[in-house]
Undergrad: 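Pasting in a structure now, in structure tokens, and then I'll have a few things to ask.
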Protein chains: 2
Amino acid sequence: MTDRQQKFIKFIESFIRDNGYSPSIREIAKGMGLSSTASVKKMLDRLADSGLLNRSGNIARGIEIPEKGIPVIGRIKAGVPVEAAENVEGYMKLDRLTIRSGGHFFLKVDGDSMKEEAIVDGDYVLIKPSPVISNGQIGAFRINGEVTLKTFRQNAEGVYLMPANEEFEPIPVGEYDDFEVIGHLKMVLRMTEGSDAFEPA
Amino acid sequence: MTDRQQKFIKFIESFIRDNGYSPSIREIAKGMGLSSTASVKKMLDRLADSGLLNRSGNIARGIEIPEKGIPVIGRIKAGVPVEAAENVEGYMKLDRLTIRSGGHFFLKVDGDSMKEEAIVDGDYVLIKPSPVISNGQIGAFRINGEVTLKTFRQNAEGVYLMPANEEFEPIPVGEYDDFEVIGHLKMVLRMTEGSDAFEPA
DNA sequence: AAAAAATAAAAACAGATGTTCGCTATTTTA
DNA sequence: TAAAATAGCGAACATCTGTTTTTATTTTTT
């Protein structure tokens, strides 16, 4: 990718970030200091050929720039800066979930009853709503008027909600009238102190 | 918000999700089974008045639906469905980080040396690159040709990288020539089995 | 140095797109 | 029940927007 191409991409990316929709060809021309739309179109065609952006032909403001997301870095060779492209194993797009969130929600974890599962106080757990859950899966449940995160366990002795911490006792579901499977655990997310990126607004 | 308004929003949201750009008024009309663009415009104006969507007037495909993100649910009253609006404490937008990722990257955790900090094998840790780190902070380090996630500890005895697991020994930094602070921990993210939403692509 | 490719301009064109107007039917509110 | 708001249609209009064509200049490649 040439410098010039890079500049086009940057402009389009920041336009989309600022406006929520992509720029028209004339807006790109203006932004790049050009006075002809033809020049812009040629560049866009070339960028599209290279796969650096996607266009749905003839559609107004239909430019899409493929989101790479945040790099996932694996093996790192000694002496090589961690940013080195050769170490990037892939990219993680956190926003995919936001977009296709089919009723998912976060619960903020209160207490350490799932400590042995590496889920601790203050963590956010992403729950996928579902009325059923498999044996051994971790999920969110409503029992006796409270919502709790536990492992679902069902055997000959009955159904239990299992904590993952010696200090807590299994909850015998049979002893309560009020029981509901809310959903099951899909993700655990923990923000460390001073991390402002994910503050729920 | 009326049912009808809800349907408009849903259609527009899914169109944007599918295409990457918002629908034209005629496309909305078609999608909603209407034959006049005027009807659509009226509805869009009303939705915009209510703040349910944003339009930058006269701009083709300029509809934006404010992203709320994923709801964070806190206290939940007995008997109330978890989706109840009154329980939503806020919304978490995961995509904010993607956008403003200033060099952040994920490391996939290998091993259980930070188990006591509730960071386990297979977790993804988000690292903010930085050449410095405070005493007691968890960070990523390169030492002796390997990258490791540890707690940084500095006292009268020297500098150590502390594991959070009895089975591992502190690493005395002074004994190695090759040492570098890569960055510090900002987030821990764990995908549970069968969670396809965050597969690094 | 000559040929090829990239960059750019200006103008014209066609189609896509948002807006407006007049009119009617239905639903909701007072 | 009467008035007001909502929903809808169809047509006409103005603008926005992507495309194409022609020509010229600059840069890169051979």
Side-chain angles (χ1 to χ4, degrees), chain A residues 1-67 85 99, chain B residues 1-68 84-85 99:
Chain A
M1 177 161 44
T2 67
D3 266 13
R4 181 132 196 87
Q5 288 178 324
Q6 190 81 56
K7 276 179 192 157
F8 268 81
I9 298 281
K10 289 286 174 213
F11 174 78
I12 295 168
E13 272 178 343
S14 79
F15 188 102
I16 293 175
R17 184 166 47 236
D18 292 345
N19 297 285
Y21 45 82
S22 59
S24 69
I25 287 191
R26 282 165 184 82
E27 282 165 344
I28 297 173
K30 196 174 174 190
M32 301 296 294
L34 302 173
S35 66
S36 168
T37 58
S39 313
V40 175
K41 178 167 163 41
K42 271 182 205 157
M43 179 58 89
L44 291 184
D45 286 345
R46 213 167 304 119
L47 288 169
D49 279 347
S50 317
L52 293 165
L53 54 81
N54 297 325
R55 301 193 67 192
S56 316
N58 287 31
I59 282 179
R61 298 176 186 276
I63 298 173
E64 253 188 296
I65 299 208
E67 258 295 355
I99 292 169
Chain B
M1 178 162 43
T2 66
D3 265 15
R4 181 129 198 89
Q5 289 178 324
Q6 189 82 56
K7 275 178 193 159
F8 268 80
I9 298 281
K10 288 286 175 213
F11 173 78
I12 295 167
E13 272 178 343
S14 80
F15 188 102
I16 293 175
R17 182 166 49 233
D18 293 345
N19 298 284
Y21 46 81
S22 59
S24 69
I25 287 192
R26 280 165 186 82
E27 282 165 344
I28 297 173
K30 196 173 173 190
M32 301 296 295
L34 302 173
S35 66
S36 170
T37 57
S39 312
V40 175
K41 179 168 162 40
K42 272 183 208 160
M43 180 58 90
L44 292 185
D45 287 344
R46 211 166 305 118
L47 288 169
D49 279 346
S50 317
L52 293 165
L53 55 80
N54 297 325
R55 301 193 68 193
S56 315
N58 287 31
I59 282 178
R61 299 177 185 276
I63 298 172
E64 250 189 299
I65 300 208
E67 256 298 353
K68 284 188 304 185
I99 292 170

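All chains are named by letter (A, B, ...) in the order of the sequence lines, taking the proteins before the strands, and each is independently numbered beginning at 1.
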Undergrad: Is the shortest side-chain heavy-atom distance between B/T37 and B/K41 below 4.5 Å?
TA: no

Undergrad: Could you state the CG-P distance from A/L53 to D/dG18, rounded to the nearest angstrom?
TA: 13 Å

Undergrad: Does A/S50 reach the main-chain N or O of A/R46 with its side chain, forming a donor-acceptor pair under 3.5 Å?
TA: yes

Undergrad: Quick one: is A/R55 getting a side-chain N or O under 4.0 Å of the D/dT17 phosphate, OP1 or OP2?
TA: no

Undergrad: Report yes or no: does A/E13 contribute a side-chain atom to a donor-acceptor pair with the main-chain N or O of A/K10 at less than 3.5 Å?
TA: no

Undergrad: Looking at B/R46, does any N or O in its side chain come under 4.0 Å of the phosphate oxygens OP1/OP2 on D/dA7?
TA: yes

Undergrad: Can you list, by residue number, the residues of residues 20-30 of chain B that have a non-hydrogen atom closer than 4.0 angstrom to DNA chain C?
TA: B/S24, B/I25, B/R26

Undergrad: Going by modelled atom types, is there a donor-acceptor pair between the base of C/dT17 and the side chain of B/T37 at under 3.5 Å?
TA: no

Undergrad: One character per nucleotide, please: for nucleotides 21-30 of chain D, 5' to 3', B when the base has a protein heavy atom closer than 4.0 Å, S when only the sugar-phosphate does, - otherwise.
TA: B---------

Undergrad: If you look at every heavy atom in B/E27 and B/F15, which pair is closest and at what distance?
TA: OE1-CZ, 3.3 Å

Undergrad: Should the pair B/D3-B/K7 be classified as a salt bridge under the 4.0 Å nitrogen-to-oxygen rule?
TA: no

Undergrad: Could you state the atom-to-atom distance from CZ of B/F8 to P of D/dT6 in whole Å?
TA: 14 Å

Undergrad: Provide, to the nearest angstrom, the distance between the NZ atom belonging to A/K41 and the P atom belonging to D/dG18.
TA: 10 Å

Undergrad: For a quick test of reading the model, state the closest non-hydrogen atom pair linking A/I59 to B/R61 and the distance between them.
TA: CG2-NE, 3.2 Å

Undergrad: Testing the basics here: between B/L52 and B/P66, what is the closest heavy-atom pair and its distance to 0.1 Å?
TA: O-CD, 3.4 Å

Undergrad: Please give, in whole Å, the distance from C/dA11 P to A/L34 CG?
TA: 16 Å

Undergrad: For A/P23 and A/I28, which heavy atoms make the closest approach, and how far apart are they?
TA: CG-CG1, 3.6 Å

Undergrad: So, the side chain of B/S22 versus the backbone of B/I16: is there a donor-acceptor pair under 3.5 Å, distance only?
TA: no

Undergrad: Return the value, rounded to whole Å, for the distance between atom CG of B/D3 and atom P of D/dT6.
TA: 16 Å

Undergrad: Please give, in whole Å, the distance from C/dT7 C1' to A/Q5 CD?
TA: 12 Å

Undergrad: In whole angstrom, give the distance that lies between atom CG of A/L44 and atom P of C/dT7.
TA: 12 Å

Undergrad: Expressed in angstrom and rounded to an integer, what is the separation of B/K7 atom NZ from D/dA7 atom P?
TA: 12 Å

Undergrad: Report yes if at least one side-chain N or O of A/N58 is closer than 4.0 Å to OP1 or OP2 of C/dA16; otherwise report no.
TA: no

Undergrad: When you compare the side chain of B/I65 with that of B/N54, does any pair of heavy atoms fall below 4.5 Å?
TA: no

Undergrad: Determine to 10° how strongly the helix from C/dA1-D/dT30 to C/dA30-D/dT1 is bent, judged from the axes of its five-pair ends.
TA: 50°

Undergrad: Please give me the minimum heavy-atom distance between B/L34 and B/F8, naming the atom from each residue.
TA: CD1-CZ, 4.1 Å

Undergrad: If you look at every strand shown and take non-hydrogen atoms under 4.0 Å, does B/S35 touch a base, only sugar-phosphate, or nothing?
TA: sugar-phosphate

Undergrad: Could you state the interatomic distance from CG (B/L53) to CZ (B/R55), rounded to the nearest 0.5 Å?
TA: 7.5 Å

Undergrad: Using only side-chain N and O atoms of A/R4, determine if any of them is under 4.0 Å from OP1 or OP2 of C/dA8.
TA: yes

